[in-house]
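Written out below as structure tokens is the structure these notes cover.
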Amino acid sequence: MISDHAELSRFERILSLVTRVRPGEGRAAFLFFLHGFLLLSSYQVVKALREAFMLTKFSAETRSYAVALTALVLMFVVPFYGWVRRHLDGARLLRTVTLFFVVTMPLFATLAYRGVSIAFPFYIWVSIYGLMVVSQMWAFAADSFNVKSGQRLFVVIMLGANLGALVGAKVTQLAVTALSPMGLMLLATGLLGATLFLAGPERAAVPEGSRAISTEHGRPVPRLFGGIGLVLRDRYLLLIALLVVLLNWINTTGEFILADYVKADAAARVAASGGALDMSSLITAFYGDFQFWVTLFSFGIQLFLVSRIYQLVGVRGALLIHPIVVAVGYGLLALGPMLGGFVPIFTLIRWIKIAENSIDYSIMNTTRQALFLPVDRDAKYEGKTAIDSFFWRLGDLIQAGVVYAGLNWLGWGVPQFAVLNLLLALVWIGLAFSIGREFAAKARENVINVAPEVGAPIPDLRYEPGRPLDHVVPA
């Protein structure tokens, strides 16, 4: 362990069951845990509403185009964010970005209450909200902890985020009949607004020995494209951006397949009931249940596996787990027609997406955030925001074009889209190897003048007076 167990507070001893912890880190870990919990609880509520509004009014294909349009909107949002970041930083920047979404969410609730169709703009707004606000929290965390403390404590922060997502998904599923969509939006606003009071105390609670030592600036940030230009000029950031594009291209294609089956199933159930059932409520309930299982599994993975995976294979090994699982899952889906109906396709894609998203929200998400620990502050804020927003949605933009071409020009079905995802996952595995090497090199540079941490007891040495002392400590 990092320190004598007796030096830890009671809460830190509990945390030590999940990850290694140093004395004094408990308060900071709890505040970041709470921030992640509130943020993801809020997001899960509006995410389910986003799907219900969109699929009630439009098809799964139109949904893919809305996701792609978000990438175009972000081409303007990211440079504007860069301008804001040059005037604000740290906790003030985090609070400003959060406040924008706290103020605008009730506006959508008001429009929906007055009968205005908000499906398309609300979908884009929620997509940007889920990227920008979450990215700011993790950028702030990466700017608060050094490489070693971040790799240990990000596990706890992600645990809070996963628990919040679990609670948010379950609340949405249970409250969808009791609360109107406007009521759910106001609930989400309150949860998000509560995070405004955490940023300052979070930074102050980080012990001196656990704080980030990153430099303020690396390469000058291009003013025209902001963080987008910074990413294009930095090999390490560009590799991460390519990984994010592939990850989201694959994930969104899977979401398209799932959404198509969800709408078809809901329409069939409404028809079978003679119109007694409401399609919007059925879709909202399905996604609430779906997200509940995703977050339940991701919470379990985060609680019991992520820290141990880091100890066994490090960040480099953790990068490979997600693409391998994705390749296996879509390989099975591509073989679906050959299974002769032994496993219903709807059931198969549902469990593939649960597995894919669960690993994404736990191992992969924690690892993606850890990749920014050894970089300078410009990369942590502007570079990371560009990657987590524009490049993330660029994967959606590519996916929308492929979906359109596949459906309208090539006549593709589920097996063909599954084969495409399988091939992309194989490319992703190769990219993960490259990023792992770059991370290891940057991490070695970043930990200069940072004391090593004891991961296992150092064996005793028998010393005899008058003889040279040579105590070799195991790596």
Side-chain angles (χ1 to χ4, degrees), residues 32 35 39 70-101 127-147 150 154 157 195 199-200 202-203 211-245 247-248 365 367-397 435 438-439 442-443 445-446:
F32 275 101
H35 195 147
L39 180 56
T70 305
L72 299 179
V73 174
L74 286 167
M75 289 187 68
F76 300 95
V77 172
V78 171
F80 178 72
Y81 165 82
W83 178 83
V84 173
R85 197 249 157 179
R86 284 188 285 274
H87 294 79
L88 301 172
D89 212 348
R92 291 193 302 161
L93 177 64
L94 176 61
R95 283 193 291 260
T96 299
V97 173
T98 302
L99 185 61
F100 169 80
F101 290 97
S127 299
I128 295 175
Y129 159 45
L131 296 172
M132 291 290 294
V133 179
V134 174
S135 178
Q136 293 313 293
M137 184 199 74
W138 283 108
F140 185 66
D143 192 33
S144 300
F145 296 102
N146 60 42
V147 173
F154 275 20
I157 302 172
T195 67
E202 284 170 337
R203 176 65 65 84
R211 292 184 180 179
I213 57 172
S214 57
T215 57
E216 174 67 25
H217 302 292
R219 296 185 177 188
V221 180
R223 290 186 176 271
L224 181 60
F225 297 106
I228 298 174
L230 178 63
V231 171
L232 295 176
R233 294 169 56 191
D234 186 290
R235 171 181 164 79
Y236 180 64
L237 295 179
L238 183 58
L239 287 173
I240 298 175
L242 291 174
L243 179 143
V244 163
V245 168
L247 189 160
N248 207 34
N365 213 345
T367 304
R368 280 200 303 113
Q369 313 309 332
L371 292 176
F372 291 92
L373 285 166
V375 299
D376 59 73
R377 298 190 78 202
D378 289 335
K380 284 179 179 176
Y381 284 99
E382 297 194 49
K384 178 173 172 49
T385 298
I387 289 172
D388 288 352
S389 56
F390 173 75
F391 287 97
W392 183 266
R393 288 306 174 206
L394 181 60
D396 295 326
L397 186 63
I435 294 173
E438 292 274 344
F439 173 83
K442 286 186 174 292
E445 296 172 3
N446 191 266

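Among all heavy-atom pairs drawn from Ala91 and Gly200, the shortest one is CB-N, 4.2 Å. Closest approach of Ile228 to Ala386, counting heavy atoms only: N-CB, 3.6 Å. When all heavy atoms of Ala212 and Asp143 are compared, the closest pair comes out as CB-O, 3.3 Å. Of all non-hydrogen atoms in Val231 and Ala241, the two that sit nearest each other are CG1-CB, 3.7 Å.
No side-chain heavy atom of Phe154 sits under 4.5 Å from any side-chain heavy atom of Thr367. Inter-residue side-chain proximity for Trp138 and Lys380 is flagged as unmet; no heavy-atom pair is nearer than 4.5 Å. Residues Phe372 and Ile387 have side chains in contact (heavy-atom distance under 4.5 Å, counting atoms from C-beta outward). In this structure the side chain of Asp388 reaches within 4.5 angstrom of the side chain of Arg368, judged on heavy atoms. Here the side chains of Trp392 and Leu247 are in contact, with some heavy-atom distance below 4.5 Å. A heavy-atom distance below 4.5 Å is found between the side chains of Thr70 and Leu74. For the pair Phe390/Val244, no side-chain contact is recorded, criterion being any heavy-atom separation below 4.5 Å from C-beta on. In this structure, Phe145 and Arg211 have side chains that are not in contact, with every pair of non-hydrogen atoms separated by 4.5 Å or more.
Classification of the His87-Trp83 ring pair by plane angle, with boundaries at 30° and 60°, yields tilted.
Note: Phe439 and Tyr236 fail the aromatic proximity criterion, with ring centroids not under 6.0 Å apart.
Side-chain contact, Gln136 with Lys384: no donor N or O sits under 3.5 Å from an acceptor N or O. No side-chain donor from either of Glu202 and Ser144 sits under 3.5 Å from a side-chain acceptor of the other.
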Original post:
Please walk me through it: do Val73 and Ile128 pass side chain to side chain contact (heavy atoms under 4.5 Å, CB included)?
Top reply: CA-CA 9 Å; Val73 174; Ile128 295 175; 3.8 Å; yes

Subject >> Full working for side chain to side chain contact (heavy atoms under 4.5 Å, CB included) between Arg377 and Glu382 >> reply: CA-CA 8 Å; Arg377 298 190 78 202; Glu382 297 194 49; over 6 Å; no

Result block: side-chain N/O donor-acceptor pairs under 3.5 angstrom for residues 92-101, not counting sequence neighbours:
| residue | atom | partner | partner atom | Å |
| --- | --- | --- | --- | --- |
| Thr96 | OG1 | Arg92 | O | 2.8 |
| Thr98 | OG1 | Leu94 | O | 2.9 |

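Rounded to the nearest 0.5 Å, atoms CD1 (Ile157) and CZ (Phe32) are 5.5 Å apart. Taken from CZ in Arg233 to CG in Leu237, the straight-line distance is 11.5 Å, to the nearest 0.5 Å. Note: Met75 CE to Leu72 CG = 7.0 Å, rounded to the nearest 0.5 Å. For the atom pair CG of Leu238 and CG of Leu243, the computed distance is 11.5 Å after rounding to the nearest 0.5 Å. Between Ser389 atom OG and Tyr129 atom OH the span is 15.5 Å, to the nearest 0.5 Å. Between the CD1 atom in Ile240 and the CG atom in Leu371 there is a gap of 4.5 Å [rounded to 0.5 Å].
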